[in-house]
Peer 1: 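Dropping a structure here in structure tokens format, bear with me for questions.
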Amino acid sequence: MAFVPQHPSEGTERERPSLVVARAARALAAAGVEAPRAEAELLAAYVLEVPRGRLALADGFTPAHRDRLDALVARRVAREPLQHLTGVAGFRHLELAVGPGVFVPRPETELLAGWGVEQARRHAAPLVVDLCSGSGAIALAVAQELPAARVVAVERSHAALAWLRRNAADRAAAGDTPIEVVAADVTDPHLLADLVGRVDVLLCNPPYVPRSVVVPPEVAGYDPDEAVFGGADGLAVIRPVLARAAALLRPAGAVGVEHDDTHGAAVPALLAADGRYEHVEEHRDLVGRPRFATASRRADGQHADPAPAWQTGSS
């Protein structure tokens with residue numbers, strides 16, 4: 001459905017935000033956007049350059065404002081991601097620059113980042129590694145919330161690295177602890193060779209969607225394929241990541257890996273079968289779907305016989 005602008009009657013200079021937002025929300029709803037009212041408000045606030053919470057107090061929309069909003073709504077109706085339209089994605093306490101070539105961070109990944117922060121908080125000066133860093137969301141959240149941490153972000157995509165470096169520079173300029181950006185493939189068996197046995201917390205939000213899964217148009221048309229799909233079963237990147245994590249972690253170091261909601265048994269089973277992990281646990285997201293798995297490197301640093309036991313967490 002095309003978004004058709006409806007301007008106020010002749011002689012009216014500005015139109016109330018509530019009327020403009022209502023029209024935009026109807027157009028977005030007709031296009032199948034999941035949260036049309038919220039997104040209409042966000043786009044309207046973006047056009048007026050005001051916080052969403054102060055939208056009702058804004059002066060109103062001039063014809064130029066309406067034209068700009070009309071154009072943005074038309075792009076969103078075509079299912080271009082909201083974050084591409086505004087140029088930013090919120091993640092925990094951050095606003096990150098995003099756009100073509102980088103995966104847009106999702107709210108559910110905030111749970112993995114929060115778990116990682118809590119694990120790292122147990123150390124005075126933790127060494128934290130973020131694999132498949134993309135925009136830098138997890139790495140930069142850890143660096144902001146734990147100023148004493150050394151954070152290393154690894155990404156291989158040239159396009160994503162540009163966004164990662166931009167966000168890292170922006171956060172450092174804002175006063176956050178600078179992170180280290182490494183251009184590398186996380187499936188490299190020699191990844192971060194200088195950090196073997198030294199990492200306190202390793203986090204990863206890898207490509208994990210099975211190739212046969214049909215994804216939403218915002219994902220299919222805009223998120224990079226290599227950041228979404230993880231091979232036929234979705235585990236093609238997770239397998240080598242778990243193997244390398246065991247080498248990088250110090251004894252009792254913690255690993256957390258996000259996964260597809262169909263992997264609630266598969267990823268914990270991979271961790272248990274490795275033989276170098278203990279305390280394997282599965283975590284669910286806010287709507288109860290399996291979302292990420294965690295474990296600790298064996299405290300004795302040894303490789304034991306596979307242990308099938310693991311438990312489901314409530315986080």
Peer 1: Atom CG in L72, atom OG1 in T86: separation rounded to 0.5 Å?
Peer 2: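 Nearest 0.5 Å value for the CG-OG1 distance: 9.0 Å.
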Peer 1: Whether R66 engages the ring of F61 as a cation-pi pair (distance to the six-membered ring centre under 6.0 angstrom, angle to the ring normal within 45°) should be assessed.
Peer 2: no
Peer 1: Step through the shown structure and confirm whether more than 12 heavy atoms of other residues, nucleotides or ligands are within 6.0 Å of CZ on R106.
Peer 2: yes
Peer 1: Do V102 and L161 come close enough that some side-chain heavy atom pair is under 4.5 Å?
Peer 2: no
Peer 1: Centre of Y46's six-membered ring, under 6.0 Å away, within 45 degrees of the axis: is that where NZ or CZ of R68 sits?
Peer 2: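 The answer is yes; both the distance and angle limits are met.
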Peer 1: On a heavy-atom basis, which atom in A149 and which in T177 lie closest, and how many Å separate them?
Peer 2: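 Closest heavy-atom pair between A149 and T177: O-CG2, 3.8 Å.
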Peer 1: Nearest 0.5 angstrom please: L203 CG to S133 OG, how far?
Peer 2: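 If we round to the nearest 0.5 Å, L203:CG and S133:OG are 10.0 Å apart.
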Peer 1: Can you measure from OG (S135) to CD (E155) and round to the nearest 0.5 angstrom?
Peer 2: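 Interatomic distance, S135 OG to E155 CD, rounded to 0.5 Å: 9.0 Å.
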Peer 1: Do H65 and E49 have side-chain atoms, one donor and one acceptor, less than 3.5 Å apart?
Peer 2: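 Absent: no donor and acceptor within the cut-off.
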Peer 1: Do the side-chain N and O atoms of H263 and R291 include a donor-acceptor pair separated by under 3.5 angstrom?
Peer 2: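 No pair is found: no donor N or O on one side chain lies under 3.5 Å from an acceptor on the other.
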Peer 1: Run the salt bridge (Lys or Arg N to Asp or Glu O under 4.0 Å) check on R276 and D300 step by step: do they pass?
Peer 2: CA-CA 9 Å; R276 290 172 288 179; D300 59 10; over 6 Å; no
Peer 1: In terms of the angle between their ring planes, are Y222 and H84 parallel, tilted or perpendicular, with boundaries placed at 30° and 60°?
Peer 2: perpendicular
Peer 1: Between E258 and D285, is there a side-chain heavy-atom distance shorter than 4.5 Å?
Peer 2: no
